[in-house]
Trainee: 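My questions all concern the structure below.
What's counted below: heavy atoms across the whole structure, side chains too, no hydrogens, waters or symmetry copies.
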Amino acid sequence: MEHCEVLSKKVIEFKPPVYEQRYYFVKNLVNQHGHKKIADLGFGDATLLWMLKYHRCVQYLVGVDIAAKPFEWGGGRLSPGVGSYIIPRELDLTITLYRGSAVQKDSRLCGFDLITCIELIEHLDSEDLAKFPEVVFGYFSPGMVVISTPNSEFNPLFPASTFRDPDHRFEWNRKQFQMWALDVAKLYHYSVEFSGVGDPPAGAEHVGYCTQIGVFQKNSTKPTELSISEPEEHVYEVVYTTSYPSLQQSKYFRFTLSIEAVKAIDLMKSRFLRGPRRKEGDRVVPLGSCTPQHGLTEAQRAEIEQSPKPYSVGEKFYVPLERLLAYPKVNRLVAGSTEKLRTVLAEGLRLNGDQTAVQVELVDYHTQRLFDEHLVSPALES
């Protein structure tokens with residue numbers, strides 16, 4: 001919890017801490033706009049990048065920091081965990097960290113959807129601050145830029161009303177920041193809206209937010225332009241890169257689809273064996289429902305029940321592909337295509353002779369327990 005003592009000895013409590021509020025501000029923007037390519041200049045401990053990697057829309061995350069060191073990024077929380085392989089993302093995700101300065105041009109950062117500069121500009125000296133707009137807004141030219149910086153009007157509420165960090169070269173009040181931001185926006189064809197995080201305590205509302213934020217949006221009438229005459233520049237040093245498994249990659253798509261199909265088949269088989277059945281020719285068919293009662297809406301269950309039912313022949317259990325296709329997760333994975341479902345499942349599962357149903361053993365390691373515990377319905381109604 002971030003806090004500070006004011007002159008009255010009361011404590012200002014920020015819940016959550018202001019640094020977290022800054023990150024959540026960015027997260028909300030990403031949720032709202034669905035950004036795919038995001039770069040964080042001055043990424044520090046990479047907390048913001050770590051938070052953003054969980055957004056389904058994000059496909060490319062880049063961090064740039066002058067102090068980034070290769071040995072610090074050999075793995076850790078930016079790397080895919082076990083769960084990322086068990087439940088792959090829908091879209092590809094690549095994360096790359098560079099060592100470099102926010103005032104250096106590197107063509108690999110051109111044309112992003114969003115560039116964030118969280119508590120960055122106050123660390124720039126006057127020479128670098130002068131270069132910053134031309135590099136970020138002029139050269140990188142992202143669709144959106146988010147810049148946060150301390151609001152110096154809030155500083156008297158802290159125990160020492162000096163700069164908040166000894167490395168800060170300046171701290172602006174709201175008027176100074178807004179004048180600078182409006183000039184930059186006008187020069188590079190952006191609009192800008194001002195906000196902030198970290199509410200002041202009661203009675204001090206006049207000082208504004210603890211952190212002031214400018215959200216710059218590129219004007220829609222101004223297309224992204226990269227000068228053809230400018231050659232590509234790669235001045236940043238890669239210190240870390242990783243890619244996540246996703247359903248766009250064939251092996252993870254096949255694995256996920258097969259897992260979903262097997263889960264559905266096992267549930268159907270269990271309910272089939274527990275419930276009443278009857279013989280129809282050489283087949284044994286269920287009299288009751290084989291559809292799971294949990295995890296589905298009534299409409300979804302009804303749609304599954306209208307599809308061809310599973311059945312057994314001798315020691316084999318069959319689930320029609322049309323039945324599997326009625327399960328929402330399976331349907332979504334193959335975009336409703338029976339042919340795609342057949343092609344993928346045929347690589348790892350056994351299909352019946354006419355390729356219309358998956359064939360598995362009626363009694364296996366899991367269903368044997370039902371027999372052992374006398375949970376199998378013995379009656380076959382005629």
Trainee: Give a yes-or-no answer on whether the side chains of S337 and R342 include a donor-acceptor pair shorter than 3.5 Å.
Mentor: no
Trainee: Once you measure the plane-to-plane angle for H168 and H123, does it fall in the parallel (<30°), tilted (30-60°) or perpendicular (>60°) bin?
Mentor: perpendicular
Trainee: Mark yes when over 12 heavy atoms from residues, nucleotides or ligands other than E127 sit less than 6.0 Å from its CD; otherwise mark no.
Mentor: no
Trainee: Please give me the minimum heavy-atom distance between V285 and Y311, naming the atom from each residue.
Mentor: CG1-CB, 4.1 Å
Trainee: I'd like to know whether NZ of K27 has more than 12 heavy-atom contacts from other residues, nucleotides or ligands below 6.0 angstrom.
Mentor: yes
Trainee: A cation-pi test, strictly: NZ or CZ of R99 under 6.0 Å from the centre of the six-membered ring of Y236 and no more than 45 degrees from its axis. Yes or no?
Mentor: no
Trainee: Test the K340-F253 pair against the cation-pi criterion, namely NZ or CZ under 6.0 angstrom from the six-membered ring centroid and within 45° of the ring axis.
Mentor: yes
Trainee: Scan side-chain atoms only and decide if N352 and T356 contain a donor-acceptor pair under the 3.5 Å cut-off.
Mentor: yes
Trainee: Residues in side chain to side chain contact (heavy atoms under 4.5 Å, CB included) with T343, at least two apart?
Mentor: E339
Trainee: Taking Y244 as the fixed residue, which of R89, K53, Q59 is the one that meets the side chain to side chain donor-acceptor pair (under 3.5 Å) rule?
Mentor: K53
Trainee: Hey, is CD on Q217 packed in by over 12 heavy atoms from elsewhere, all under 6.0 Å?
Mentor: yes
Trainee: Please indicate whether Q248 has more than 12 foreign heavy atoms, meaning atoms of other residues, nucleotides or ligands, lying under 6.0 Å from its CD.
Mentor: yes
Trainee: Where do F154 and Y209 land on the ring-ring contact (aromatic ring centres under 6.0 Å, His included) test, with the steps shown first?
Mentor: CA-CA 7 Å; F154 201 98; Y209 292 109; 9.3 Å; no
Trainee: Once the angle between the rings of Y60 and F112 is folded into 0 to 90°, is it parallel (under 30°), tilted (30 to 60°) or perpendicular (over 60°)?
Mentor: tilted
Trainee: Under a 3.5 Å cutoff, is there a donor and acceptor pairing between the side chains of E119 and S148?
Mentor: yes
Trainee: For H35 and H33, take the angle between the two ring planes, folded into 0 to 90°, and tell me which bin it lands in: parallel under 30, tilted 30 to 60, perpendicular over 60.
Mentor: parallel
Trainee: Return the NZ to CG distance between K329 and L257, rounded to the nearest 0.5 Å.
Mentor: 12.5 Å
Trainee: How would you list, by chain and number, every residue that makes a side chain to side chain contact (heavy atoms under 4.5 Å, CB included) with I87, sequence neighbours excluded?
Mentor: none
Trainee: C290 and M268: which non-hydrogen atoms are nearest, and at how many Å?
Mentor: O-CG, 3.5 Å
Trainee: Would you indicate whether E205, at its atom CD, is surrounded by more than 12 heavy atoms from other residues, nucleotides or ligands within a distance under 6.0 Å?
Mentor: yes
Trainee: Determine the minimum heavy-atom distance between V26 and V146, stating which atoms define it.
Mentor: CG2-CG1, 4.4 Å
Trainee: Angle between ring planes, Y190 versus F216, binned at 30° and 60°: parallel, tilted or perpendicular?
Mentor: perpendicular
Trainee: With rounding to the nearest 0.5 Å, note down the distance linking CG in D199 to NZ in K15.
Mentor: 13.5 Å
